Every structure is written in structure tokens, then in C-alpha cells.
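Just so you know, these numbers use all the heavy atoms, side chains as well, and skip hydrogens, waters and symmetry mates. Bear in mind the structure is a predicted one, so any value in this text is a computation, not a measurement.
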Amino acid sequence: MAKCDLSIELDHPDRVYVGGDKITGTLHVLADADVNCKGLEISSGWRTHGRGNVARGTTETVTLFVGQWSAGQRESYRFELEVAAWPPSYHGKYINVDHYIDARAKIPWAFDPKATAEFVMRPTSGPDHSDSPTATAVGGCIGYGLVILVLGMMAVGLGFLVVAFVVNPFAGLIAAGIIMPLMGLIAAKKLLPKWLLGNVHVDLITPQVAPGGRVRAQLAFQPKRRFTINSISAELTGMEVCVSGSGSNRTTHRNTFFTDRHELEGAATLHAGDRKEFNLDFPIPDDVPYSFDLSDNDLVWTIELRVDIPRWPDWTHSLKLLVAPDGRSGERLEPAEKHLALDAADAVPPADSPAADEITFAETATHLWNSRNEDDQLYRLVEAVTGMTFEIDTLIERRLLYSGEEDPHVYKDGYAVWARHTDPPLPLVLYIPHELADEFEQAGHDQWRCRGTIVGWDHPHRRLQIKVLVR
């Protein structure tokens, strides 16, 4: 059993921080027994949670105290820590990225007491080069290098078959039955489109673009032969890609949350020697999430180029795009509420503005309820109101059985409870501290009023997450 309890009190718990900010607060300590503390450490950092393996990073660590505490002693320690400049806070379907203040007291021969406080971070600039996904311009000729690659693979395969026949003819026949069709399929898919198109030139002019900016690229080729096409297209895709497990249990999960297809040319007949050039220039919405590469948790933006050829393998090529803030757009430097509107007429003011106090949870719940069948709008609304605190009228449904390790919003020794708002009946997850256990259980299935802060969205169960505050 821990010999002391820790709790973190942030000076501005509802503030949206930007990279490089200083976050301040107080770490409270209550000793239950005489304690020899080898180090009271507090740190700022981030970590992921969701389906992928956990990735984490620490920005700054400070030791606040080393020494003795007596039984019953209460102490408070001020702290100031740097906020990480990357990655951004993000809540998706499979991947979540959150920023935390973590505290730990190192106690010999006992479990180290810990405490955590979460906050929201919005970046002002893109990641450092070391953290950045590869998004360099792809230029020049796509043709000869592809031919060399395919021929090299075929040579390796044939060499393997020769060795297999020499060592064991029967095994060689089995290998040939598997490898030869596979090699033929690869050759057909990679070489046959080039036989019609010739060398294809692709250039990504904007390898990095900010939300609200424009994506520009060039595609050019000179057909070697006359043939027909169904279309030539470019599709911008945003996707969550995360990996869980390792070794033989390693599983990749993908969730495509954004697609935007642009047709560069429709059905047509292309003639030999008639050079085709296409200049891609299309906008990217101003409310899309940023790219990030966090070990087994990636948010990837790509442009998929395709020449759709009937009764023939299609030519395809993928360009990786880095979506990141450019440091010039002021609307991304303030709380997300500034640019995420509930609708054209009713925008949500920033949580720290005077007008925020005039917004009721019933109004917020109504907007969310009306958007419950439109995921993109719903997620924008949730992001807009995350961090805002309201008085909330709820109807308790049932207590959940999972613990804090399975959901980072759960209080230590606290509870996660399913509930509904009274009107409209918006489903909620309430994270209730231990101190309020008797109060909400006495409420039973009657109406229960609490004060809570919106902390996110439970995607699998489609419920708004509320962290209930002690009055």
C-alpha cells in the first residue's frame, strides 16, 4: 500500500496549450505514514492509447523534493514544465494522442505513488525532421528503375528455383508452382502499364501543406501505343494506421477517415506520341488532423494517382504528403473552438472567453445529438467543445467494470459510469471521483446533476466523455 497520496492541480486546466508553452500548477502530497522520499519527480510528455502499441515521449522532468515526510504531513510544490511542440493532441477511431503531467514519488520498498493530469496541446509548427514522415518530392522518371527492380526480383526467384531443383527436385517443383505465377503477376502488374504509358513523370510540388492550403502536383507521360482509358484520377486520403502486438501476433489496423477524389480526365482514347500533362491543384480542408509518425501509431496522408485501363492492369502511384501547421495561420494557434463551428450560425466561443459561460450543456448536447449520424461533423463538434466545463443533468444507467488502466480518464479509485443527458438523450460516459461515489449511487435511476469537463468521445460506444469535478 502506498505511504502517501499525490494529486496534481493545474493552474489552467481548460487552456489549450501550444508547443513550447510553460504549463504551471501545484503538486499536492499527503503522507499516510513516515516516508523517506528518494525523489519527488514531475514531468511533462505525451503518450498514445487506442488499438496500437503504446508510444510515449517525455519533454521535461524536474525533481521537486528529496527527504522525509511525517505521517499526516501535507505539502504542496509548485512546478513549471515545458509543453512538447509535437505531436498534437488527437482523438480518432483507432488512435488517440494525449499530453500529460505525470508525478511520481520514489519510495524505497514500497509502491511508488503516482498522479496524472491531462491537458490539450495544439502545435504552431510541424514536427522536427527526425519526427517527420518522409514527404519529399517525387520527380523524374518512373520507368527504368521499375524495370530494373522487377528484373532483379525475377533473377532472385529463378536463382532460388535452380538451387531448389538441385537440392530437392520435388521441392523445386512445388516452389516453381508457387513462385512462377507470383512472379508473373508482379511482372504483369508493374510492367504491362508501362508498356502502354511509357515513362511516367510525377512531381509532388507541395510535399508539406497546412490545413486550408492547396495540394499541387504534376503528372506527365507520352503513350507508346494507342489505347483507351476509363479515367485518370488523383485521390487524397487521410488514414489512421496502427499496429498492435509483435512477432506472429502483430496486427495492423487501418481507418480511412477522409477521401477526396479528383478526376483529371474521363473516358478517352490516348494516341501514341500524344503527350499528356496534368497539373493537380486542389484544396485540403482547414479542419483536418495533422500527419504524425509515432512508432506504431501513424496518421498518414497520401495522394493516389491512377490511370484506369479497361481489361488491363491499372497504373498506380502513391505520393506521401505531410499535413502540418505552417506557423503562419493564427487560427490554429488558439483553442480549436475558434475555427470549429457548431454550424454556420452558432459557433462555439473559446472556453476561456466570457461568452463560454453563457453556453449551456443542453445547447451543446442538442448540437451533438443532431449530428449523431454525421461522423465528420460530430467529431469536429466534440473537438470544439473538449475542455469546456458545464453543469450537466444526467440519468445514471450503469457503472462500468473496467479500470483506470483501460481508460486514462478514469480517476484513481474512481468509476466510469454510463449515463444519458436528460434532454436530448445524448449518451454519456461519466468519470466520477471516489469522493462522489455515494452521491451518484444514491441518485439511482433518478436525475443527477453534476459539474464536469468534456474530455473526448468514446468512439466504440458513441458516447460523450465527461470528467466529473468535485464541487
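Every pair passing salt bridge (charged side-chain N to carboxylate O under 4.0 Å, His left out) that includes a residue from residues 71-92 is listed here, sequence neighbours excluded: Asp11-Arg78. Within the structure, every pair that satisfies the ring-ring contact (aromatic ring centres under 6.0 Å, His included) test and touches residues 52-80, not counting sequence neighbours, is listed here: Phe65-Trp69, Phe65-Tyr77.
Judged purely by atom type and a 3.5 angstrom limit, Thr360 uses its side chain to pair as donor or acceptor with the backbone of Glu363. Glu240 contributes a side-chain N or O that, together with a main-chain N or O of Tyr94, makes up a donor-acceptor pair within less than 3.5 Å. Between the side chain of Arg462 and the backbone N or O of Arg372 there is at least one donor-acceptor pair closer than 3.5 Å. A distance-only check finds no donor-acceptor pair linking the side chain of His12 to the backbone of Gly25 [under 3.5 Å]. In terms of modelled atom types and a separation under 3.5 Å, the side chain of Thr256 and the main chain of Met239 share no donor-acceptor contact. Although no hydrogens or angles enter the test, the distance criterion places no donor-acceptor pair under 3.5 Å between the side chain of Gln377 and the main chain of Glu374. Of the possible donor and acceptor atoms, none in the side chain of Asn297 sits under 3.5 Å from a partner among the backbone N and O of Asp293. Side chain of Arg47 to main chain of Arg56: no donor-acceptor pair is present (N/O by atom type, distance under 3.5 Å, no hydrogens or angles). Ser44 contributes no side-chain N or O that, together with a main-chain N or O of Thr59, makes up a donor-acceptor pair within less than 3.5 Å. With hydrogens and angles disregarded, a donor-acceptor distance shorter than 3.5 Å links the side chain of Asn53 to the backbone of Gly245.
Side-chain contact between Pro211 and Val323 is present, with at least one heavy-atom pair separated by less than 4.5 Å. Proximity of Trp315 to Val200: side-chain heavy atoms (C-beta onward) are separated by under 4.5 Å at one or more points. Contact of the Ser89 side chain with the Val120 side chain is registered, since non-hydrogen atoms from C-beta on lie closer than 4.5 Å. Contact check for Thr316 versus Glu304: side-chain heavy atoms found under the 4.5 Å cut-off. With a 4.5 Å cut-off on side-chain heavy atoms, Thr63 and Leu40 do not count as touching. Looking at heavy atoms from C-beta onward, Val62 lies in side-chain contact with Glu60 at the 4.5 angstrom threshold. The shortest distance between side-chain heavy atoms of Glu265 and Lys276 falls below 4.5 Å. Leu378 is listed as a side-chain neighbour of Trp457, based on a closest heavy-atom distance under 4.5 Å.
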Donor-acceptor contacts, no H, no angles, side chain residues 246-255, under 3.5 Å, sequence neighbours left out:
{"from": "Arg250", "atom 1": "NH2", "to": "Asp296", "atom 2": "OD1", "distance (Å)": "3.4"}
{"from": "Thr251", "atom 1": "OG1", "to": "Asn249", "atom 2": "O", "distance (Å)": "3.4"}
{"from": "His253", "atom 1": "NE2", "to": "Ser244", "atom 2": "OG", "distance (Å)": "2.8"}

Can you give the donor-acceptor pairs under 3.5 Å from side chains of residues 229-237 to other protein atoms, not counting sequence neighbours?
{"from": "Asn230", "atom 1": "ND2", "to": "Asp308", "atom 2": "OD1", "distance (Å)": "3.3"}
{"from": "Ser231", "atom 1": "OG", "to": "Arg261", "atom 2": "NH2", "distance (Å)": "3.4"}

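Note: Asp260 CG to His262 NE2 = 3.5 Å, rounded to the nearest 0.5 Å. The distance from the SG atom of Cys242 to the CD1 atom of Ile95 is 5.0 Å, given to the nearest 0.5 Å. Atom CG of residue Asp393 and atom OG1 of residue Thr422 lie 5.0 Å apart, to the nearest 0.5 angstrom. Taken from CH2 in Trp109 to CG in Asn36, the straight-line distance is 13.0 Å, to the nearest 0.5 Å. The distance from the CD1 atom of Ile392 to the CH2 atom of Trp448 is 9.5 Å, given to the nearest 0.5 Å. Note that CG of Leu204 is 9.0 Å distant from NE2 of His317, once rounded to the nearest 0.5 Å.
Arg51 is linked by a side chain to side chain donor-acceptor pair (under 3.5 Å) to nothing, counting only residues two or more places apart in sequence or in another chain. Checked against ring pair (Phe, Tyr, Trp, His ring centres under 6.0 Å), His28 has no partners two or more places apart in sequence or in another chain.
Between Asp281 and Arg216 no salt bridge is recorded (no basic side-chain N to carboxylate O distance below 4.0 Å). The pair Glu391-Arg451 counts as a salt bridge, with a side-chain nitrogen and a carboxylate oxygen less than 4.0 angstrom apart.
Annotation: Phe292 is in aromatic contact with Tyr90 [ring centroid separation under 6.0 Å]. Under the 6.0 Å cut-off for aromatic ring centres, Phe221 and His201 do not qualify, their centroids lying 6.0 Å or more apart. Aromatic pair Trp301/Phe257: ring centres closer than 6.0 Å.
Of the N and O atoms on the side chains of Gln465 and Asp458, not one donor lies less than 3.5 Å from an acceptor on the other residue.
More than 12 heavy-atom neighbours from other residues, nucleotides or ligands sit within 6.0 angstrom of NZ on Lys22.
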Apply side-chain contact (heavy atoms from CB on, under 4.5 Å) to Leu319 and Leu321, showing your working.
CA-CA 6 Å; Leu319 300 172; Leu321 182 69; over 6 Å; no
Check against ring-ring contact (aromatic ring centres under 6.0 Å, His included), Phe119 and Tyr17:
CA-CA 8 Å; Phe119 63 94; Tyr17 292 84; 5.5 Å; yes
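Test Thr61, Ile101, Asp102 against Ile42 for side-chain contact (heavy atoms from CB on, under 4.5 Å) and you get one pass: Ile101.
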